[in-house]
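Keep in mind the model is a prediction, meaning the values are calculated, not measured. Letters A, B, ... mirror the listed sequences (proteins, then strands); counts begin at 1.
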Amino acid sequence: MNDHVRRNTPLFPIGIVQKLTELTPRQIRYYEEHGLVFPTRTEGNQRLFSFRDVDRLLEIKAMMERGVNLSGIKEIYELKTYSEEPKQPKAPRSHDMTDRELRKHLRKEVMMAGKYSRPSMIQGQLSRFFD
DNA sequence: GTTCTAACA
DNA sequence: TGTTAGCA
């Protein structure tokens with residue numbers, strides 16, 4: 001289990017992403033249509049977003065609030081060939097991360113990803129994923 | 001109850 | 001972008 005995998009693992013249905021980003025499902029789906037995020041699908045065709053998708057949605061939201069339109073945002077990302085995750089140097093781990101360790105790290109990431117959301121909402125959702 | 005697609009007073 | 005309709 002490495003950082004790249006954690007950031008790209010599909011974990012959240014659109015409802016959770018909505019609360020984490022304060023974007024409407026309509027906007028989130030619309031941004032996907034324009035190739036700004038790439039959620040995977042479950043067997044039932046429901047979207048599952050990764051931390052990376054959430055991070056990007058937060059960036060998009062920030063840009064929109066600063067007056068950048070969809071076309072402008074698309075151009076910015078298209079120039080970056082979508083994946084620009086900082087390469088993680090191979091960590092010399094002697095063993096794989098335990099489930100407990102993974103949960104601890106994921107919890108930290110959710111805190112980060114949802115730092116712009118209302119605390120009450122974050123807390124309410126955290127209980128659905130951790131302990 | 002939640003999410004999905006498509007469409008528009 | 002909002003919102004509603006009809007499904008899964």
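Summarising the geometry, atom CD1 belonging to A/Ile14 is positioned 11.0 Å from atom CZ belonging to A/Arg26; distances are rounded to the nearest 0.5 Å. Expressed to the nearest 0.5 Å, how far OH of A/Tyr77 lies from CD1 of A/Ile60 amounts to 5.0 Å. With rounding to the nearest 0.5 Å, the separation of CD1 in A/Ile76 from CE in A/Met63 is 5.0 Å. Here the CZ-OG1 distance, from A/Arg29 to A/Thr24, works out to 8.5 Å after rounding to the nearest 0.5 Å. Rounded to the nearest 0.5 Å, atoms CG (A/Leu57) and CG (A/Leu36) are 8.0 Å apart.
Note that the first and last nucleotides of DNA chain B, 5' to 3', having any atom under 4.0 angstrom from a heavy atom of chain A are B/dT3 to B/dA7.
For the pair A/Tyr31/A/Ile73, no side-chain contact is recorded, criterion being any heavy-atom separation below 4.5 Å from C-beta on.
Using modelled atom types, one side-chain atom of A/Lys61 and one backbone atom of A/Thr21 make a donor-acceptor pair closer than 3.5 Å.
Looking at A/Asp55 and A/Arg52, no side-chain N of the basic residue comes within less than 4.0 Å of a carboxylate O on the acidic one, giving no salt bridge. Ionic pairing of A/Asp53 and A/Arg47 is not present here: no N-O contact between side-chain nitrogen and carboxylate oxygen is shorter than 4.0 angstrom.
Other residues, nucleotides and ligands contribute more than 12 heavy atoms inside 6.0 Å of the CZ atom of A/Arg41.
Counting any heavy atom pair closer than 4.0 Å across all strands shown, A/Arg47 reaches sugar-phosphate atoms only and no base atom.
In DNA chain C, runs of at least 3 consecutive Watson-Crick or G-U pairs, each pair with both distances below 3.5 Å, span B:4-8 with C:2-6.
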Distances under 3.5 Å between protein N/O atoms and the N/O atoms of nucleotides 2-8 of chain C, please, pair by pair.
{"residue": "C/dG2", "atom": "OP2", "partner": "A/Thr24", "partner atom": "OG1", "Å": "2.9"}
{"residue": "C/dG2", "atom": "N7", "partner": "A/Arg26", "partner atom": "NE", "Å": "3.3"}
{"residue": "C/dG2", "atom": "O6", "partner": "A/Arg26", "partner atom": "NH2", "Å": "3.4"}
{"residue": "C/dT3", "atom": "O4", "partner": "A/Arg26", "partner atom": "NE", "Å": "3.1"}

